[in-house]
Amino acid sequence: FGFASVMESFTGLKCRKSAALKPIETKRNGKGEMEDDEVDEIAEEEEPLSPSARLFHEPNFNVYIIAILGCKTRINPDILKANLPHTLLKHPRFSSLQVVDEKNHKEMRWVRTRVDLDKHVIVPELDQGMGSPDKFVEDYISNLTKTSIDSSQPLWDLHVLNVRITDAEAVGVFRIHHSLGDGTSLMSLLLACFRQISDPEALPTIPGGKKREMKKPETTDSGWIWRYPAAVWWHLRMFWNTVVDVFMFFVTAIFLKDTNTPIKGPPGVEFAPRRFVWRTVSLDDMKLVKNAMNTTINDVALGVSQAGLSKYLNRKYGEGNLPKNIRLRSTLLVNIRPVSGIQALADMMQKDAEAKWGNWIGFVLLPFTIGIRNDPLDYVREARATVDRKKCSLEAFYTFFIAEMFVKLFGVKISSAITHRVINHTTMCFSNLVGPQEEIGYYGHPMAFIAPSSYNQPHALMINFQSYDNKMTIVLSVDEGTIPDPHQLCDDIVESLTTIKDAVVSRGLANNCT
């Protein structure tokens, strides 16, 4: 939702200075490993892990980020290994171990190390004549969630699956431990390694956040009289919303739980394997709804998700028996640090420039409205109202400061327990990431789709929206013990988009779009 930029533009607040990472020029051998003398020099460049990074090493919060990359051609592992040292490995986090400092109260530190790409780029031998390649890829990724990466090496790997599926000729699966960075920063870093297909020298173009058009009052000589009361009212609203949101955060941590629905996971769900399913829809369909209703893509994504979840739950409870006043919330882990742009990260890898990096995690509890609506456009209207209300709040900032205070006063373990309790008392995770506007590729490997998600979070369901070119990929990460039919849920979300778009077209609202 871009809360970091929203908060900063609203308030001008700045958090503590972020870590500026600068890559060190290194000589590498044929395997992409640093030479021994370079390792000795870099070993002095140790840096402690941030409190948020240490949080992701707690047993109940050991989260991994998954990026499923569909490719339009078969993937050549040799080309990947030859170019990773000049791109991704330039980032210090991807060339560093997380080492426990026994002399300093067991504090964890980043220590640069040699990277053996043969251990990080994994290419299994596959039967090209397999019966169901789509099912095989799903099962393979699901099996990854049953394992973790050995802490004796940097906490990332790339699995190359050269098998043709419905929407790609091959699939690459990046697995990255969440302690390396937040999802938005990591996706920006990956995209900074890619180039446009139409212009191999050009970085991907990420569209900026476009504000919803608002009707402005006519300007008169006396207009200034109303500006000050409006500004005072706006700040009072933000103050009140922030107080309410922080209060709800504390109440949720203490006792307030979401309604037990068929999609709410049981205690310990973070330790269960995950199933990832995805569907790709037309981004133009979502833009049509956005323009017709004067909303944003975020509003449409949230509205479509609410409609799909309502449809799915209505079927689970029995048609017409969907309970009223279901409390269903999504926990958004928001990085309030302004994210380095793709250009800054590309400069870091190519020109040894500095770039900001680090997890500054705040919490936003986003309520979902569940119910069967006669007018499908009501789902988008309700989503817009919810997002507008959350934008007028400093919830993410204050929950971040509260979490930092708990870490300093009580340590990572107690802070982790409180964080886990808040998330466990809600139902799901939700995110919407903006991707490149044009087709991109990595050294001759054009991308067909991008599908990010994560696992080991204390939720049975996570919904991610990821745009790319003129497409939007909807990704579900589910615990099959809670949600045994994830493809049905994904279909319900896709069908809800079609229903909402058809409602816009049938009422002639699309004709008003420019």
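If you're wondering where the values come from, they're calculated on a predicted model, not measured in any experiment.
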*Asks:* Where do Ala460 and Ile263 come nearest, in terms of heavy atoms and distance?
*Replies:* CB-O, 3.8 Å

*Asks:* Looking only at heavy atoms, which two atoms of Leu313 and Pro262 are closest? And how far apart?
*Replies:* CD2-CD, 3.7 Å

*Asks:* Below 4.0 angstrom, N of the basic side chain to O of the carboxylate: do Asp139 and Lys135 qualify?
*Replies:* yes

*Asks:* Donor-acceptor check, side chain of Arg327 to backbone of Lys257, threshold 3.5 angstrom: yes or no?
*Replies:* yes

*Asks:* State, yes or no, whether a side-chain contact exists between Ile68 and Val171 at a heavy-atom distance under 4.5 Å.
*Replies:* yes

*Asks:* Per the side chain to side chain donor-acceptor pair (under 3.5 Å) rule, which among Asp258, Thr427, Thr259 passes with Arg329?
*Replies:* Asp258

*Asks:* Should Leu433 and Ile450 count as side-chain neighbours, where that means a heavy-atom distance under 4.5 Å?
*Replies:* no

*Asks:* Could you check whether atom CG of Asn143 has more than 12 heavy atoms from other residues, nucleotides or ligands sitting under 6.0 Å from it?
*Replies:* yes

*Asks:* Does any part of the side chain of Val387, heavy atoms only, come nearer than 4.5 Å to the side chain of Thr295, both counted from C-beta?
*Replies:* no

*Asks:* Going through the checks in order, is the side-chain contact (heavy atoms from CB on, under 4.5 Å) test met by Leu309 and Thr261?
*Replies:* CA-CA 11 Å; Leu309 289 171; Thr261 63; over 6 Å; no

*Asks:* Checking side-chain polar atoms at under 3.5 Å, does His459 have a donor or acceptor matched by the opposite partner on Asp479?
*Replies:* no

*Asks:* Do we see a donor-acceptor contact under 3.5 Å between the side chains of Thr147 and Arg175?
*Replies:* yes

*Asks:* Does the side chain of Thr205 reach to within under 4.5 Å of the side chain of Gln196, using non-hydrogen atoms?
*Replies:* yes

*Asks:* From Cys429 SG over to Leu332 CG, what is the distance, rounded to the nearest 0.5 angstrom?
*Replies:* 8.0 Å

*Asks:* In Å, rounded to the nearest 0.5 Å, how long is the span from CG of Asn464 to CZ of Phe276?
*Replies:* 9.0 Å

*Asks:* Does the side chain of Val300 reach to within under 4.5 Å of the side chain of Met472, using non-hydrogen atoms?
*Replies:* no

*Asks:* Is the closest side-chain heavy-atom distance between Phe250 and Ile402 below 4.5 Å?
*Replies:* yes

*Asks:* Nearest heavy-atom pair of Asn260 and Tyr317: which atoms, and what distance?
*Replies:* O-OH, 3.7 Å

*Asks:* Please round to the nearest 0.5 Å and tell me the distance separating atom CD1 of Ile474 and atom SG of Cys490.
*Replies:* 6.0 Å

*Asks:* side-chain contact (heavy atoms from CB on, under 4.5 Å) with Leu155: which of His57, Arg93, His178?
*Replies:* His57

*Asks:* Does any non-hydrogen side-chain atom of Thr280 lie less than 4.5 Å from one of Tyr468?
*Replies:* no

*Asks:* As a quick check of understanding, evaluate side-chain contact (heavy atoms from CB on, under 4.5 Å) for Asn62 and His177, giving each step before the final call.
*Replies:* CA-CA 8 Å; Asn62 188 30; His177 195 267; 2.6 Å; yes

*Asks:* With Phe449 as reference, evaluate Leu69, Val475, Asp167 under the side-chain contact (heavy atoms from CB on, under 4.5 Å) test and give the passing residue.
*Replies:* Asp167

*Asks:* Provide the closest heavy-atom pair for Ala253 versus Ile418 in the form atom of the first, atom of the second, distance.
*Replies:* CB-CG2, 4.4 Å

*Asks:* Atom CZ of Arg421 and atom OG1 of Thr426: how far apart are they, to the nearest 0.5 Å?
*Replies:* 12.5 Å

*Asks:* Distance alone, cut at 3.5 Å: any donor-acceptor contact between the side chains of Glu270 and His420?
*Replies:* yes

*Asks:* Please give me the minimum heavy-atom distance between Val304 and Ser496, naming the atom from each residue.
*Replies:* O-CB, 3.9 Å

*Asks:* So, Asp491 and Arg279, do they make that salt bridge, N to O below 4.0 Å?
*Replies:* yes

*Asks:* Quick one, Gln457 and Thr331 - any side-chain contact, counting heavy atoms below 4.5 Å?
*Replies:* no

*Asks:* As a quick check of understanding, evaluate side-chain contact (heavy atoms from CB on, under 4.5 Å) for Leu180 and Ile65, giving each step before the final call.
*Replies:* CA-CA 10 Å; Leu180 271 65; Ile65 293 172; over 6 Å; no

*Asks:* Tyr455 vs Tyr64 aromatic rings, parallel, tilted or perpendicular, using cut-offs 30° and 60°?
*Replies:* parallel

*Asks:* Between Asp485 and Tyr312, does any side-chain donor sit less than 3.5 Å from a side-chain acceptor?
*Replies:* yes

*Asks:* With a 3.5 Å cut-off and no angle check, do the side chains of Glu138 and His487 form a donor-acceptor pair?
*Replies:* yes

*Asks:* To the nearest 0.5 Å, how far apart are CG in Leu190 and CZ in Phe174?
*Replies:* 5.5 Å

*Asks:* When you look at CZ of Arg315, are more than 12 heavy atoms from neighbouring residues, nucleotides or ligands closer to it than 6.0 Å?
*Replies:* yes

*Asks:* Evaluate side-chain contact (heavy atoms from CB on, under 4.5 Å) for Phe368 paired with Ser310, printing each intermediate quantity in order.
*Replies:* CA-CA 10 Å; Phe368 273 54; Ser310 297; over 6 Å; no

*Asks:* When you measure from the side chain of His159 to the backbone N and O of Val173, does any donor-acceptor pair fall under 3.5 Å?
*Replies:* no

*Asks:* Quick one: pull up CE in Met286 and OG1 in Thr296 and give me the separation to the nearest 0.5 Å.
*Replies:* 9.0 Å

*Asks:* Going by distance alone, is a donor N or O of one side chain under 3.5 Å from an acceptor N or O of the other, for Asn314 and Lys311?
*Replies:* no

*Asks:* Is a salt bridge present between Arg507 and Asp375, judged by a nitrogen-to-oxygen distance below 4.0 Å?
*Replies:* yes

*Asks:* Determine yes or no for a side-chain-to-main-chain donor-acceptor pair under 3.5 angstrom, with Asn298 supplying the side chain and Asn432 the backbone.
*Replies:* no

*Asks:* Please indicate whether Phe239 has more than 12 foreign heavy atoms, meaning atoms of other residues, nucleotides or ligands, lying under 6.0 Å from its CZ.
*Replies:* no

*Asks:* If every non-hydrogen atom of Ser305 is compared with every non-hydrogen atom of Phe465, which pair is closest and at what distance?
*Replies:* OG-CE1, 3.2 Å

*Asks:* Do Asp245 and Thr242 have a side chain donor and acceptor closer than 3.5 Å?
*Replies:* no

*Asks:* Do the two ring centres, one from Tyr398 and one from Phe249, sit under 6.0 Å apart?
*Replies:* no

